Amino acid sequence: MMQVRQKLVTYSSFPVQKAISVPLLTQAFSFGTKVGDPIWQQAALVEDFVGFPNANPPHQPSGLRLFRDHAFLYLAFFFAEEPDRLANPGTGDGATIWLGDMAELHFGAIYPEPWLLQLGVGIGGGRFDSAGSYSSWRALTFSDDAGWYAEIEIPLAMLPVDEGGLAFNLCRQALKRGEHSVWSPLTTRFHEVENFGTLLLCDYNLAYHLRTGKHDGRQLTRADYEALQSDFLVKATTIVHGPWLSNPTESSMTITWETAGRVPAFIEYNKKGSEQVETKDLGYRCGLLPHETLHSVTLTDLEPKTDYEYRLVALSPVVDVPVRHPQVYAFTTIDPRKGEFSFLCVSDLHSNVRLAKAALETEESRQADFLVVLGDSLSHAAGRKAVYDGWLDPLTAGFGARKPLVFVRGNHEMLGIFADEYYACMRHPSGKTWYAFRHGEAFFIVLDSGIDHSDSRLFSNDRLWKEEQAFLRDVVASAAYAEATFRIVLVHIPPYKKEVLAAASFRGMIGELHDPASPAPLPNLMICGHVHHYLRADAGEPHFAPTSDREYSAKHPLRASFPFTIVANANDTVTGVKIRADYIAVKVFEPGGQCRDDFTIRA
């Protein structure tokens, strides 16, 4: 999938973003000379102002000059105007400057941290400062028969700079003419930092390298830089990851995807062959459709065993015009009466992309209804990019856009400062990392085994298991659980693992599944991972089956029995499960084709 550097994501409504390089000039000069000091002739010049939408077009030219020294940014503008057309509101600071001719200077950024500073200068010398820092900067204004002028000195310390620049715009108000003009074009508002140009505190060549990581052999001009930069910019509405399907039920499906930038988004969907298109969004928060990069929508009230088509839609920044992704995707809801189906399980990928891709190239994958990801798909929660590069993009490209993924959290998904990204990328409508669903004649329980060591201030298996135990108590008492032909448990860490986790508390939590005093039926099969070796313990057997990894099972004997079969998938195998009318067929194999185990479980 596309890898996007956030500094190259554009929220602009226009194809080209303006930029101006501000030269470094260190010679002495006199401030407040009606732009008469010679240094201004070496400053950068900006004259390409345009009209503001729905305002009278500008009749008189505008000009802006800029330079900097090591401590200050200096700006000087000249606005041509006949004397009888000038409107002077006085010299007071504050919002009264809008009563006459004035100019607004906007500075800001979207990446890496959003901010916006608005400074205003009125023809009479009055100023406006959205941060209230009037004592930090100064402005002097002048007027004559040709128009009016201003010289402005702003400490560079007021202007956070990243990658050599910051967002900038200048807006002019000519009150008696009812005119508004701007340097960087806008759509509806003066404060659209999304549509500001860029003020570069370096030359164009260095700015190009900082933004793109590329070099150009030429000495770049402003036009060169603007054109080259445009080739690298990625629109915020661009889909960069996904979509992937998850949480399948007979009447719902979750669709998740990521856009390059923060935009509102929604789904358009319909039954295949139907012209009636419905929409579903992420949900309004206090009347506002949220701006996000990661979008997850759960479609509900769907019909069982039905083919649906869907399209991803985003609203373009600022103007909120729908941008429809051209590709139409499809999925099929669960058939609650489906007698036969199959699914695959992979575990402990630890960013082994080769294994993930190989698993999807098998015939079993092509026939499977869904894919179970049994946890530890990465080694450390290092952010979304690690998730996408290490396993989710390969699985999505080969499977998840057309068939659902079922996510099980592993202990490594809980390590790192970005561990909570799991809830974002692998979210469930319940907000939990454990849940249940029915597919055909099989009832599935997805559990979260927690971290594989004792509780700490950060990790609390005890709290996790108490919540899950209450959940299990309700599940095993449900009619859906009892009426299913088969019951399958999916969990990362097997209950026989010889660690702190395998102590009585964890066994007690899953005890809800095999309480001898409970009238509820037993599970048929539990599928796990974690140990990186293939192991199988059959129902009622206190020893591992002969097909298990011999060396590992010899060092870690089972010494216990469970009333259902437990399989631990290895980190180099795939577990394929076929549900048939009266039995479960399990095949454990290497993606290359070698079979590790093959057995059945009768209903």
Side-chain angles (χ1 to χ4, degrees), residues 246-252 334 336-339 341 343 345 370 372 374-375 406-409 428-450 461-497 501-530 536-541 560-568 575 577 579-584 586 601-603:
S246 62
N247 311 318
T249 76
E250 62 186 63
S251 61
S252 64
I334 286 175
R337 295 180 176 82
K338 191 172 186 178
F341 66 92
F343 63 94
C345 301
F370 57 90
V372 178
L374 280 166
V406 174
F407 299 111
V408 181
R409 188 170 70 162
H428 187 270
S430 68
K432 307 293 186 181
T433 52
W434 57 91
Y435 50 93
F437 65 96
R438 173 80 178 260
H439 193 295
E441 288 300 318
F443 187 92
F444 291 85
I445 301 174
V446 178
L447 295 179
D448 188 334
S449 50
N461 287 328
D462 183 61
R463 296 186 183 191
L464 176 72
W465 295 338
K466 283 181 179 178
E467 287 191 64
E468 287 188 82
Q469 190 171 29
F471 157 79
L472 278 176
R473 193 175 296 118
D474 291 337
V475 165
V476 299
S478 68
Y481 177 83
E483 293 169 0
T485 303
F486 302 103
R487 285 156 291 279
I488 299 174
V489 181
L490 305 171
V491 62
H492 178 66
I493 301 179
Y496 50 71
K497 179 69 174 123
L501 187 60
S505 53
F506 181 64
R507 291 176 183 267
M509 186 269 282
I510 65 168
E512 297 292 333
L513 296 172
H514 56 92
D515 182 358
S518 172
L522 296 170
N524 302 91
L525 175 64
M526 175 181 282
I527 309 176
C528 315
H530 185 66
R536 183 179 116 211
D538 292 323
E541 292 292 333
S561 65
F562 294 85
F564 43 82
T565 298
I566 302 176
V567 165
T575 297
V577 181
I579 304 297
R580 296 298 181 253
D582 57 353
Y583 68 93
I584 300 174
V586 181
I601 301 173
R602 293 290 170 180

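Computed from a prediction, not measured in an experiment: that's the story for all the values here.
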K.L.:
Could you tell me the separation between the NE2 atom of H530 and the NE2 atom of H492, rounded to the nearest 0.5 Å?
P.N.:
5.0 Å
K.L.:
Specify the closest pair of heavy atoms between F471 and V446, including all atoms of both residues, with the distance to one decimal.
P.N.:
CE2-O, 4.5 Å
K.L.:
Looking at G440, is its backbone amide N or carbonyl O close enough to the side chain of R438 to form a donor-acceptor pair, meaning the two atoms are under 3.5 Å apart?
P.N.:
yes
K.L.:
Taking all atoms of both residues into account, what is the closest heavy-atom pair of A581 and T485, and its distance?
P.N.:
O-CG2, 4.1 Å
K.L.:
Nearest 0.5 Å please: distance from the CG atom of L374 over to the CD1 atom of I493.
P.N.:
12.0 Å
K.L.:
Would you name the heavy atoms of G529 and A568 that are closest together and state the gap between them?
P.N.:
O-CB, 4.1 Å
K.L.:
Over all heavy atoms of both residues, which pair between R580 and F341 is shortest? Give the atoms and the distance, please.
P.N.:
NH1-O, 3.7 Å
K.L.:
Below 4.5 Å, heavy atoms only, C-beta onward: do I527 and V586 meet side chain to side chain?
P.N.:
no
K.L.:
Once you round to the nearest 0.5 Å, how far does CD of E250 lie from CZ of R337?
P.N.:
8.5 Å
K.L.:
Short question: side chain of N524, backbone of R487 - any donor-acceptor pair under 3.5 Å?
P.N.:
yes
K.L.:
Check whether E468 reaches the backbone of D448 with its side chain - one donor and one acceptor, N or O, closer than 3.5 Å.
P.N.:
yes
K.L.:
Would a 4.5 Å heavy-atom cut-off, applied to side chains only, mark H428 and F407 as touching?
P.N.:
no
K.L.:
Around R463, counting heavy atoms of other residues, nucleotides and ligands shown, do more than 12 lie under 6.0 Å from its CZ?
P.N.:
no
K.L.:
Got L490 and L447 here, is their nearest side-chain heavy-atom distance under 4.5 Å?
P.N.:
no
K.L.:
To the nearest 0.5 angstrom, please state how far the OG1 atom of T565 sits from the CD1 atom of I584.
P.N.:
8.5 Å
K.L.:
Report yes or no: does Y481 contribute a side-chain atom to a donor-acceptor pair with the main-chain N or O of P521 at less than 3.5 Å?
P.N.:
yes
K.L.:
At what distance, to the nearest 0.5 angstrom, does CD of E467 lie from CG of D462?
P.N.:
10.5 Å
K.L.:
Hey, is CZ on R602 packed in by over 12 heavy atoms from elsewhere, all under 6.0 Å?
P.N.:
yes
K.L.:
How close do V491 and S449 get, counting heavy atoms only, and between which atoms?
P.N.:
CG2-CB, 3.7 Å
K.L.:
Any non-hydrogen side-chain atom of F564 less than 4.5 Å from a side-chain atom of V489?
P.N.:
no
K.L.:
What is the minimum heavy-atom distance between N461 and G450, and which atoms define it?
P.N.:
OD1-CA, 3.4 Å
K.L.:
Please lay out, stage by stage, how F437 and V406 fare under the test side-chain contact (heavy atoms from CB on, under 4.5 Å).
P.N.:
CA-CA 10 Å; F437 65 96; V406 174; 4.0 Å; yes
K.L.:
So I566 and C528, do their side chains get closer than 4.5 Å, heavy atoms only?
P.N.:
yes
K.L.:
Within this structure, what is the CD1-CH2 distance for the pair I445 and W434, rounded to the nearest 0.5 Å?
P.N.:
14.0 Å
K.L.:
Centroid-to-centroid, F370 to H439, below 6.0 Å?
P.N.:
yes
